[in-house]
K.L.:
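The structure that follows is given in the form of structure tokens.
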Amino acid sequence: MNSFLKIFMIAVAMVTAIPSFAVTDKEMEQARALAAKHYLRYANNGSDYLDKLNPSSVAELSKSLKAKEQENIKSFNAVAVPKDYASWDKKKLVEYWSSTFFRSPGLKEDGKKCLSVLAKNLNKMTVAAPSAEPKPTDTKAAEPAKPTEEAAKPTAEAKPSATPASETAAPAANETAGQPATAPEAEDAVAQAVAQAEADAGLADEQPKKSSNTGWYIGILVVLVGVVIWLVMYASKSMKETGASLADHKAGEKEIREAKRAAKEEQNKMREQYANSLTAKNDEIKQLKSEVEARERELDAAKREADALRRQLDAAKRELSNARQGRAEQPIAPQQAQERRPAQEARPTQESRHSQEQSQGSPSQKSQVSPARPGGLPPVVFLGYVNQKGLFTKASRSLNMENSVYRMDIPDGHHGLFRVVNDPEILDRLVDNVAQWLEGGCVIENPEDADIAAEIVTLQPGEALFADNTCRVTKKARIKFV
């Protein structure tokens, strides 16, 4: 209840304290100067200096204008300004200077482009409340009518009309009782008494009028109080409805937050599952790569073993050939020669045919021997780095710790398969300058791990071609630092 009374008293105070606003001459001139500034600014594109001006009147603005704007302001000043602006409020002031004024003929179309900006700046103006002092009324109408000279003379010595009738009548009675009064004086006394009676009657008539006006004021105040009470009740009802809708809104927001939280948790769960599956796949890929590398190392070892066996086989063949040749050169005993003679007469001597074939050579043997090792190339050579032309440098039959980089197998004498020499001593030299030693003949999968590498693994051997006493890279090897 106390809060209701406080709201009621505040509402009554606000209703009774609302001032009325009107446009003064100064504010009208300020709005006119602002409109002229924006009009001139848009009427000529080269008048951006006007943005720095803040004139309070058109006369002040005219002092700072250039020749083009002095010409353009003539059409602005030619439009007549209304005289009834004293009754305007701020809304009507803004509407006139941002719309109505620019409908007048004679204004430039480019200057009318300022209306939106002008309206914003006009709305920033403040329209002051009018002064509480009433305007001076006509003194001639307020002055009472001057009495004629004849009426003024008898009353010159009389007391003011505001004197009560009893005070004016008493002297007159005393004069008549003490000494006889003259006729003019008696007439003046009677006239004053009548005037005083009329004045008292006028005051008596004014009292009902004042009371009737007070009744009107009370009636209006009662209506205002009723309106305020209705507004308070409506506001209270609106606040309750707003509170209910706000509670529903908060409940909806809570549901939305919970749904977002659940969606985020589900998303995080899916991300975690994806990360786990990705980690498992990466581990599987690493395991497969390690297995492939192990198989490649086994294959390299098998190839080396096969090369060693092939060399052993070649050596055994050479020993067998030498043994056969030595056996053929041994002398034959006479008895054995007689026993063999019939067989030798029946068939051509195999030794003569064999010797002839060796001297001339059969086509099949020529085809096998000719591409074997041109220039006497060994089956395995060690090569240096690959230069910018793609050629190997520093070839040797054995491993050279200072220059060797690659080990190449040459199965047919023309094509070779090369790998990086996997030796700890050579590794230290290679990782010191990877660009010089390895990039010419290798594709490196993880060059960033060169500084921490303990071993170089050849994932895929490179290919080379021997021609014109040179060895050229035709396919780079693929390596990895581990």
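Quick caveat: nothing in here was measured; it's all calculated off a predicted structure.
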K.L.:
Filter on salt bridge (charged side-chain N to carboxylate O under 4.0 Å, His left out), then keep only pairs touching residues 72-81, sequence neighbours left out; what's left?
P.N.:
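Output for this query lists E71-K74.
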K.L.:
Does any N or O in the side chain of N387 come within less than 3.5 Å of the main-chain N or O of G390, such that one atom is a donor and the other an acceptor?
P.N.:
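Yes, N387 side chain to G390 backbone: donor-acceptor pair under 3.5 Å.
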K.L.:
Looking at M401, I want to see if its CE is surrounded by more than 12 non-hydrogen atoms of other residues, nucleotides or ligands under 6.0 Å.
P.N.:
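Count over threshold, so yes.
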K.L.:
If we only count heavy atoms from C-beta on, is the L50 to L40 side-chain gap below 4.5 Å?
P.N.:
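The answer is yes; the side chains approach within 4.5 Å.
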K.L.:
Given side chain to side chain contact (heavy atoms under 4.5 Å, CB included), test W97 with L34 step by step and report yes or no.
P.N.:
CA-CA 9 Å; W97 286 112; L34 193 61; over 6 Å; no
K.L.:
Ignoring hydrogens and geometry, is there a side-chain-to-backbone donor-acceptor pair from E60 to S56 under 3.5 Å?
P.N.:
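A pair under 3.5 Å: yes.
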K.L.:
Do side-chain atoms of S396 reach the backbone of S398 as a donor and acceptor pair under 3.5 angstrom?
P.N.:
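Answer holds: yes.
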K.L.:
Checking L320 against K317 for the side chain to side chain contact (heavy atoms under 4.5 Å, CB included) test, could you report, in this order, the C-alpha distance in whole Å, the side-chain angles of both residues, the deciding distance, and whether it holds?
P.N.:
CA-CA 5 Å; L320 179 60; K317 286 182 178 180; 5.6 Å; no
K.L.:
Out of the candidates R478, R407, R419, only one should pair with P461 under the side chain to side chain contact (heavy atoms under 4.5 Å, CB included) rule; please name it.
P.N.:
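Only one option passes, and that is R419.
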K.L.:
State the OH-CG distance between Y385 and N433, to the nearest 0.5 angstrom.
P.N.:
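Here the rounded value is 10.5 Å.
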K.L.:
Looking only at atom types and distance, does a side-chain atom of S404 sit under 3.5 Å from a main-chain N or O of F382, one as donor and one as acceptor?
P.N.:
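Such a contact is absent between S404 side chain and F382 backbone.
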K.L.:
Any ion pair linking R32 and E29 (charged N to carboxylate O, less than 4.0 Å)?
P.N.:
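Salt bridge between E29 and R32, a charged N being under 4.0 Å from a carboxylate O: yes.
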K.L.:
Apply side chain to side chain contact (heavy atoms under 4.5 Å, CB included) to the pair K289 and I285, showing each step before the final yes or no.
P.N.:
CA-CA 6 Å; K289 283 185 177 180; I285 291 172; 3.9 Å; yes
K.L.:
Between D409 and K303, does any side-chain N to carboxylate O distance fall below 4.0 Å?
P.N.:
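K303 and D409: not salt-bridged.
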K.L.:
What distance do T100 atom OG1 and E95 atom CD have between them, rounded to the nearest 0.5 Å?
P.N.:
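Rounded to the nearest 0.5 Å, the OG1-CD separation comes to 5.0 Å.
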K.L.:
Side-chain contact, heavy-atom cut-off 4.5 Å: V457 with L459?
P.N.:
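Side chain of V457 against side chain of L459, heavy atoms only: contact under 4.5 Å found.
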K.L.:
Just how far is it from atom CZ of R297 to atom CG of N422, taken to the nearest 0.5 Å?
P.N.:
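Those atoms lie 8.5 Å apart.
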K.L.:
Look at the side chain of K26 and the backbone N and O of S57, then say whether any donor-acceptor pair between them is shorter than 3.5 Å.
P.N.:
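Between the backbone of S57 and the side chain of K26 there is no qualifying donor-acceptor contact (under 3.5 Å).
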K.L.:
If you measure from CG on L417 to NE2 on H415, what distance do you get to the nearest 0.5 Å?
P.N.:
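L417 atom CG to H415 atom NE2 measures 10.0 Å (nearest 0.5 Å).
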K.L.:
How are the rings of Y39 and F102 set to each other: parallel, tilted or perpendicular (split at 30° and 60°)?
P.N.:
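Rings of Y39 and F102: tilted, 30 to 60°.
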K.L.:
Let me confirm one number: the CG-SG distance from L391 to C471, rounded to the nearest 0.5 Å.
P.N.:
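Answer for the CG-SG pair, L391 versus C471, is 8.5 Å.
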K.L.:
Hey, could you give me the CG/CD distance between L399 and E425, rounded to the nearest 0.5 Å?
P.N.:
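Output value for this atom pair is 9.0 Å.
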K.L.:
What I want to find out is whether E109 reaches K112 closely enough, with some N-O distance under 4.0 Å, to be called a salt bridge.
P.N.:
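A salt bridge links E109 with K112.
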K.L.:
Under 6.0 Å between ring centres, would you say that holds for F392 and Y406?
P.N.:
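Between F392 and Y406, the centre distance is under 6.0 Å.
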K.L.:
For E298 and R295, run side chain to side chain contact (heavy atoms under 4.5 Å, CB included): C-alpha distance rounded to whole Å, both residues' side-chain angles, the deciding distance at 0.1 Å, then the answer.
P.N.:
CA-CA 5 Å; E298 292 177 359; R295 295 293 185 272; 3.9 Å; yes
K.L.:
Does any part of the side chain of L231, heavy atoms only, come nearer than 4.5 Å to the side chain of I229, both counted from C-beta?
P.N.:
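Not in contact.
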K.L.:
Taking the side chain from S99 and the backbone from Y96, do they hold a donor-acceptor pair closer than 3.5 Å?
P.N.:
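Checked: no pair found.
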K.L.:
Could you tell me how the ring of Y85 sits relative to the ring of W88: parallel (under 30°), tilted (30 to 60°) or perpendicular (over 60°)?
P.N.:
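Correct class here is perpendicular.
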